[in-house]
Amino acid sequence: MTAPLPISLDVNGERVDAQVLPRLNLADFLREHLKLTGTHVGCEHGVCGACTVRLNGEIVRSCLMLAAQAHGASIETIEGLSDSGEIADLQAAFRDRNALQCGFCTPGMLIAAQDLLKQEPEPDRERIREHLSGNYCRCTGYQAIIDAVETTARARTGRKP
Amino acid sequence: MTSSPVKPQTLSVLDRPNSYIGKVVPRPNLERLMQGRGLYVSDLELPRMAHVVFVRSPHAHAKIAGIDVSAARSMPGVIAIVTGEELASVITPWVGVLSHLKGLKSALQHAIAIGRACWQGEAVAAVVATSRAAAEDAAEIVTVDYEELAAVTDMRTALDPERPVVHASLGDNLAFERNLDAGAVDAAFAGSDEIVEADFIFGRHTGVTLEPRAVVADWNAAEARLTIY
């Protein structure tokens with residue numbers, strides 16, 4: 001089974017129709033076919049979290065999924081979440097706290113953090129750490145990231161920063 | 001609305017225009033990185049860009065008796081397959097010594113192994129193709145005929161006389177030695193009330209970035225210009 005397959009899906013609110021090889025993973029499809037290069041490919045085996053995207057509202061590792069499996073699904077990437085303004089406050093907190101250096105992990109980190117804040121509006125630092133434990137950062141260190149997520153959680157629930 | 005008295009502002013030398021001392025300096029490139037709109041090496045796509053995949057040694061020490069690339073060369077998308085000998089005609093070997101570590105020894109290191117692989121993962125052949133997938137497909141069917149050699153895998157026994165010398169040109173397996181002698185160690189131990197002994201084993205430390213280490217090079221023959229990203 002190596003012939004291209006037709007797929008249709010929704011990516012950041014836009015309908016996408018494409019022909020993909022069965023072995024093409026979702027991360028490579030987003031990056032190479034749709035040029036949405038904000039989804040990063042780090043370890044390519046589901047460990048680093050840099051390729052995190054939203055699939056039907058749930059976060060997934062796009063390197064562990066085939067593009068063909070996303071047929072009929074709704075995908076949101078960092079570009080979509082940025083343009084909709086959904087995570088503008090979280091991004092501002094990352095900027096204010098300088099919670100990134102090279103930025104390679106940041107899109108995945110933001111999507112994972114937003115996932116937590118949607119499920120639990122008031123997570124403590126331990127919960128934030130636990131939820132982000134599948135997202136690796138190799139330069140800034142995690143303190144500033146945890147700070148930024150905590151600050152955003154507090155601001156969203158009207159608590160003191 | 002309540003009004004609070006405005007604090008008189010005292011300006012200091014640090015408040016001069018363009019003074020960064022004591023200030024939080026915003027980084028102008030953060031927005032694009034946070035929006036997934038940065039530009040990393042793997043995001044680059046140039047016209048007619050080729051991709052390289054390396055065939056690597058599964059053995060820590062092995063003689064390379066032969067490399068058969070004929071089947072791989074006929075795979076779709078393959079542009080070139082090169083071995084160590086071929087690359088050696090255009091790339092001089094590297095000698096990995098450091099001027100601040102005087103006495104550090106290094107054998108000649110070729111871009112791709114020639115005749116012998118000295119560590120697991122050493123590149124043995126390079127497959128260049130129109131896409132990474134095509135290069136990986138072809139790399140899988142490059143066949144290398146290895147003759148395994150005795151390997152040196154433990155630093156604590158590497159200098160034992162029965163261990164093979166990995167690089168004959170270096171004479172032994174000792175790359176570098178530095179002794180720190182602050183003096184009277186034996187006397188200090190002899191005069192101690194108690195001696196605690198422990199072995200410490202350290203893994204190799206190195207920077208391992210999340211962004212894969214990658215390079216894109218673009219040769220413009222008309223301008224004799226090589227652009228390396």
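Note that the structure is a prediction, hence the values are computed from the model and not measured. Order of the sequence lines sets the chain letters (A, B, ...), proteins ahead of strands, with each chain counted from 1. Side chains are part of it too, since the values below use all heavy atoms of this structure and drop only hydrogens, waters and symmetry mates.
Contact residues of residues 81-108 of chain A toward chain B are Ser82(A), Asp83(A), Gln91(A), Phe94(A), Arg95(A), Asn98(A), Leu100(A), Gln101(A), Cys102(A), Gly103(A), Phe104(A), Cys105(A), Thr106(A), Pro107(A) (heavy-atom distance under 4.5 Å). For residues 55-74 of chain A, a heavy-atom distance under 4.5 Å to chain B picks out no residue at all.
The residues Arg132(B) and Glu44(A) are annotated as salt-bridged, a charged nitrogen and a carboxylate oxygen being separated by less than 4.0 angstrom.
Other residues, nucleotides and ligands place more than 12 heavy atoms under 6.0 Å from the NZ atom of Lys35(A). Enclosure of atom CD in Gln19(A) by more than 12 non-hydrogen atoms of other residues, nucleotides or ligands within 6.0 angstrom is indicated. Counting non-hydrogen atoms of neighbouring residues, nucleotides and ligands closer than 6.0 angstrom, the NZ atom of Lys63(B) reaches no more than 12 such neighbours. Atom CD1 of Ile21(B) has 12 or fewer heavy atoms from other residues, nucleotides or ligands within 6.0 Å.
Contacts of Ser42(B) with chain A are made by both backbone and side-chain atoms, with heavy-atom separations under 4.5 Å.
Considering Cys137(A), Cys48(A), Cys43(A) in turn, Cys48(A) is the only one that fulfils the side chain to side chain contact (heavy atoms under 4.5 Å, CB included) rule with Leu210(B).
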